[in-house]
Protein chains: 2
Amino acid sequence: MIRNTRQRTAVNAVFEELEGFASAQEVHARMRAGGDSIGLSTVYRAVQALVDDGELDSIRTDSGEAIYRRCSTRHHHHLVCRVCGRTEEVEGPTVERWADRVAGEHGFVDVKHTLEIFGTCAACHAPAEPSPVDAPADQR
Amino acid sequence: MIRNTRQRTAVNAVFEELEGFASAQEVHARMRAGGDSIGLSTVYRAVQALVDDGELDSIRTDSGEAIYRRCSTRHHHHLVCRVCGRTEEVEGPTVERWADRVAGEHGFVDVKHTLEIFGTCAACHAPAEPSPVDAPADQR
DNA sequence: CGGCATGTGAGAACTGTTGTCGACTGTGCG
DNA sequence: CGCACAGTCGACAACAGTTCTCACATGCCG
């Protein structure tokens, strides 16, 4: 049986008022800062329970930390500023179709995909930037 | 200056004879098992050096472990079978253009993206058909 | 209300990764 | 060839994120 506890409700609430991603530790810190008393273990447990329920989506950062977002409703992707962390949701039928087609051509079925776009947003890009023409060489 | 050392060559060799992904620890274990004496730190260093050189590609597993793969240096994406772990490289100008355009529309610059497609490959999807080309043993 | 399965939380333990530092060794030079 | 030395090695410590442990608390059901 699964109980409704103060802590579980509170974790849920954090993600409701949150935009973008948060790691378990951030959730914990935020709750502590907000006056809630909660253990780190409990945050992990609550977050994982929410993931199991499909209410949260989890991905990994490059550093290996798990971060969570509330957005399981409709399919979309994220555009993340690598400086300030601001996240925008974007949709793209184009890329959905492309992925399905490519996978199909290789005989794959039951296809899912993950796509994250990283960049520097206009605000973060404004300050001192050495190269006016900053064409990254490796990506196209 | 960058030296050619026995260890670095050996790590490189492991990925040459390897298909698919391997974690740093797997590389270390494999080398030890093969009689090579090498430190774990050295494996991490060598692997990261190879990633920096663009000779290896690194991603994270769901468990947070970093795994590495030798793949072509040009930009591409991976189509991964969630059953056997077989990986195919795919390219898609379409999706590159889409990502750049979408990011640009939001004022983002210096844009990169990651895209992984997961599915079940034809061989693994066939109900009672034991595929002649079976999964490599230690794929994730 | 009372019983008890379930949840909590502080801290220990664990895992993967990175840092440290003395010893070692390719590499370039004479 | 041999020497100097910067780059490298490797055992181990340190670290961060996550999971586990276990005594105690608490929501749920009758």
Side-chain angles (χ1 to χ4, degrees), chain A residues 1-15 18 20-53 55-69 80 82 85 116, chain B residues 1-15 18 20-53 55-70 85 114 138-140:
Chain A
M1 158 168 336
I2 292 181
R3 282 184 196 161
N4 273 334
T5 61
R6 175 177 61 82
Q7 291 87 344
R8 229 161 269 188
T9 311
V11 169
N12 219 326
V14 167
F15 280 101
L18 193 72
F21 302 91
S23 69
Q25 316 239 7
E26 276 169 1
V27 172
H28 181 239
R30 182 180 284 248
M31 294 176 74
R32 277 285 170 94
D36 274 335
S37 161
I38 191 172
L40 187 53
S41 315
T42 306
V43 174
Y44 275 105
R45 267 188 302 244
V47 159
Q48 297 222 336
L50 288 169
V51 170
D52 288 346
D53 284 0
E55 298 216 39
L56 290 187
D57 187 30
S58 83
I59 62 173
R60 293 263 172 186
T61 64
D62 282 348
S63 71
E65 196 178 13
I67 57 178
Y68 305 89
R69 53 156 99 111
V80 182
R82 68 167 66 86
E116 303 282 330
Chain B
M1 165 180 326
I2 292 181
R3 280 185 201 161
N4 274 334
T5 61
R6 176 178 59 83
Q7 291 87 347
R8 226 162 271 186
T9 310
V11 169
N12 220 326
V14 168
F15 281 100
L18 193 72
F21 297 92
S23 70
Q25 316 240 4
E26 276 170 1
V27 172
H28 181 239
R30 183 180 284 247
M31 291 176 75
R32 279 284 170 96
D36 274 336
S37 160
I38 190 172
L40 187 52
S41 314
T42 306
V43 174
Y44 276 105
R45 267 186 303 241
V47 158
Q48 299 222 331
L50 288 169
V51 171
D52 287 346
D53 283 0
E55 298 216 39
L56 290 186
D57 186 31
S58 82
I59 62 174
R60 293 261 171 190
T61 65
D62 284 347
S63 71
E65 197 178 12
I67 56 177
Y68 305 88
R69 181 179 196 276
R70 151 157 281 162
T114 64
D138 53 346
Q139 291 277 350
R140 320 220 137 194

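In what follows, chains carry the letters A, B, and so on, assigned in the order in which the sequence lines appear, proteins first and then strands, with residues in each chain numbered from 1. The basis for the numbers below is simple: all heavy atoms, side chains too, and nothing from hydrogens, waters or symmetry mates.
- The only member of V11(A), I38(A), V14(A) that meets side-chain contact (heavy atoms from CB on, under 4.5 Å) when paired with H28(A) is I38(A).
- The phosphate of dT18(C) has neither OP1 nor OP2 within less than 4.0 Å of any side-chain N or O from Y44(B).
- Contact check, T42(B) against dG10(D): a side-chain N or O comes under 4.0 Å of OP1 or OP2.
- Atom CG in D36(B) sits roughly 13 Å away from atom P in dC9(D) (whole-Å rounding).
- Considering only residues two or more places apart in sequence or on other chains, E26(A) meets the salt bridge (Lys or Arg N to Asp or Glu O under 4.0 Å) condition with none of them.
- Side-chain contact check for E65(A) and S23(A): at least one donor-acceptor pair (N or O, by modelled atom type) lies under 3.5 Å.
- Other residues, nucleotides and ligands contribute over 12 non-hydrogen atoms within 6.0 Å of the CG atom of D52(B).
- Residues from residues 2-10 of chain A that place a heavy atom under 4.0 Å from any atom of DNA chain D, listed by number: R3(A), N4(A).
- At the heavy-atom level, S37(B) lies under 4.0 Å from the strands shown only through sugar-phosphate atoms.
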Begin with the C-alpha distance, continue with both residues' side-chain angles, and end with the deciding distance and a verdict on side-chain contact (heavy atoms from CB on, under 4.5 Å) for R70(B) and N12(B).
CA-CA 9 Å; R70(B) 151 157 281 162; N12(B) 220 326; 2.7 Å; yes

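- You'll find a donor-acceptor pair under 3.5 Å spanning the side chain of S41(A) and the base of dA10(C), going by distance alone.
- Contacts of Q48(A) with the nucleic acid, taken as non-hydrogen atoms under 4.0 Å apart, involve only primed sugar atoms and P, OP1 or OP2.
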